[in-house]
Amino acid sequence: MPATVVVGAQWGDEGKGKIVDLLAQHVDIVCRYQGGPNAGHTIIAEGETFKFRHMPSGILWGKVCVIGNGCVVDPKTLIEELDDLESKGISTDSVRISTNAHLIMPWHVAIDGASEHRLGKLQIGTTRRGIGPCYSDKMARLGIRIQDLFDGKILRQKIEVALAEKNVWLERVYDHAPLDLDEIADSYEEYAVRLRPYIADTSLLVDNAIKEGKAVLMEGAQGTLLDVDHGTYPFVTSSNPVAANAATGNGIGPNRIDAVMGVAKAYVTRVGEGPFPSEIQGPDQERMRELGGEYGTVTGRSRRCGWLDLVALRYAVRVNGITTLALTKLDVLSAFAEVPVCTHYRLRDGSVTRDFPAFQSDFHHAEPVFETLPGWLTPLDDVSVLSDLPAAARSYVEFVERELEVEVVLIGTGAERERVLATRAPEALTRP
């Protein structure tokens, strides 16, 4: 049974957690393949709100939950999540952490915050949780991995070697107090005791599951336009949220992936700095923010809001190989008499394109070309089947399908897990 990837098709915050939670009940394993505690998934189940940073969204269904080698892990944050779940009566025995995932260390957090402060007006807008510096050390082959928690002596040696360099940077470049070796080594040894039972060869685990015919769901953090290679660089994350990285980030072959479900809001948001062509101008931005509850799960930061951008969505379909689409938060648009949709960009030379610009300078100056669709001004609270959607809402979804040439198979009509309309049985979406 091949694997299915769920990928964010915008700038993150599309509602992937809710979609994965919906699909997870019909699979055997849920894997996260990149990112760290800079991304949050919010799930509302049976009246209770869960906000996950590291934890794969399948944990509420008791599924095997894998934190893959492509992730970076803040052990303190992860332990807090584990303890919180256990305190609520939710078992974490099924959680598995890759031996090859990298550890976020105190110097990563310190450098992240200090670097953003130093950049001033040029800052990227990171969450300041050490994600970028951790991935930088990984690529520089200076990282400390989860498997290093199994040997206290090796762990201390690696911390000592790293601090010899990092403290110089912190003191001389960032005017930051040096970090203490003993304090860090002692705290990480405590984390090691708590996390060792969860550590496993997750590449082997997932590959064996696929060979045995089990259904595997892979979830990314952030979204396509925050991908370090394919996103709106430099206003991106430090890893690859695109679907292809699900194979690398979990240690399986790309031929194991059979389907890719993109997740997009019925409008679009982004957090932090960077160009945003379809950003709403005027009071409707704040109105949409409040209606959609557009505040970060992890940081609480306000999200910038815009009308649906089909140019960017076409790009996401292309670079991910998206085969189906989940369109979330359609209910938020119920408050608007007219709903503009960005179908093209007008570039600096006056030309109009339906394709995402290859040059950053073109994207920075792109102006949206809108097509305005009629709104429906009808709440979707009582809509439980597709046939009950207002005609204008159905037309909106059909317009998106035609423009993208991708079937919309799930439609979100509210925050709760049951507020999703499906064009076919959810179990059929994970067992092609």
Whether F363 and F356 hold their rings parallel, tilted or perpendicular, with breakpoints at 30° and 60°:
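Answer is tilted, since the angle falls between 30° and 60°.
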Determine, for Y188 and R156, whether the Lys NZ or Arg CZ falls below 6.0 Å from the six-membered ring centre while staying within 45 degrees of the axis.
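Cation-pi check for R156 and Y188: fails.
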Taking side chain as C-beta onward, heavy atoms only, is [X] less than 4.5 Å from [Y]?
{"X": "S395", "Y": "L373", "answer": "no"}
{"X": "I67", "Y": "L78", "answer": "yes"}
{"X": "Q285", "Y": "R304", "answer": "yes"}
{"X": "H54", "Y": "D74", "answer": "yes"}
{"X": "R129", "Y": "V109", "answer": "no"}
{"X": "V400", "Y": "L325", "answer": "yes"}
{"X": "E219", "Y": "K16", "answer": "no"}

Side chains of [Y] and [X]: any donor to acceptor distance under 3.5 Å?
{"X": "T92", "Y": "E86", "value": "yes"}
{"X": "Q34", "Y": "N240", "value": "no"}
{"X": "W11", "Y": "T224", "value": "no"}
{"X": "H108", "Y": "D137", "value": "yes"}
{"X": "S302", "Y": "E294", "value": "no"}
{"X": "W61", "Y": "D21", "value": "yes"}
{"X": "Y135", "Y": "T237", "value": "no"}

Would you find more than 12 non-hydrogen atoms of other residues, nucleotides or ligands less than 6.0 Å from [X] atom [atom1]?
{"X": "F399", "atom1": "CZ", "answer": "yes"}
{"X": "K88", "atom1": "NZ", "answer": "yes"}
{"X": "D382", "atom1": "CG", "answer": "no"}
{"X": "D175", "atom1": "CG", "answer": "no"}

Salt-bridge contact [X]-[Y] (side-chain N to carboxylate O under 4.0 Å):
{"X": "K265", "Y": "E14", "value": "no"}
{"X": "E290", "Y": "R303", "value": "no"}
{"X": "D148", "Y": "K158", "value": "yes"}

Should E398 and R394 be marked as a salt bridge (charged side-chain N to carboxylate O under 4.0 Å, His left out) after you check the CA-CA gap, both sets of side-chain angles, and the distance that decides it?
CA-CA 6 Å; E398 291 166 359; R394 290 200 305 272; 5.2 Å; no
The test is salt bridge (charged side-chain N to carboxylate O under 4.0 Å, His left out); show your working for D207 and R256 and say whether it passes.
CA-CA 9 Å; D207 189 65; R256 299 295 199 193; 3.1 Å; yes
Using modelled atom types only, decide if a donor and an acceptor are shared between the side chain of D28 and the backbone of A215 within a distance under 3.5 Å.
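Present.
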Judged by atom type as modelled, is there a donor-acceptor pair below 3.5 Å linking the side chain of K18 to the main-chain atoms of R419?
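The answer is yes, because a donor-acceptor pair under 3.5 Å joins these two groups.
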Just checking F336 against W307, ring centres under 6.0 Å apart?
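Ring-ring flag for F336/W307: true, centres closer than 6.0 Å.
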Atom of V236, atom of L225 and distance for their closest heavy-atom approach
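Shortest heavy-atom separation between V236 and L225 comes out as CG1-O, 4.0 Å.
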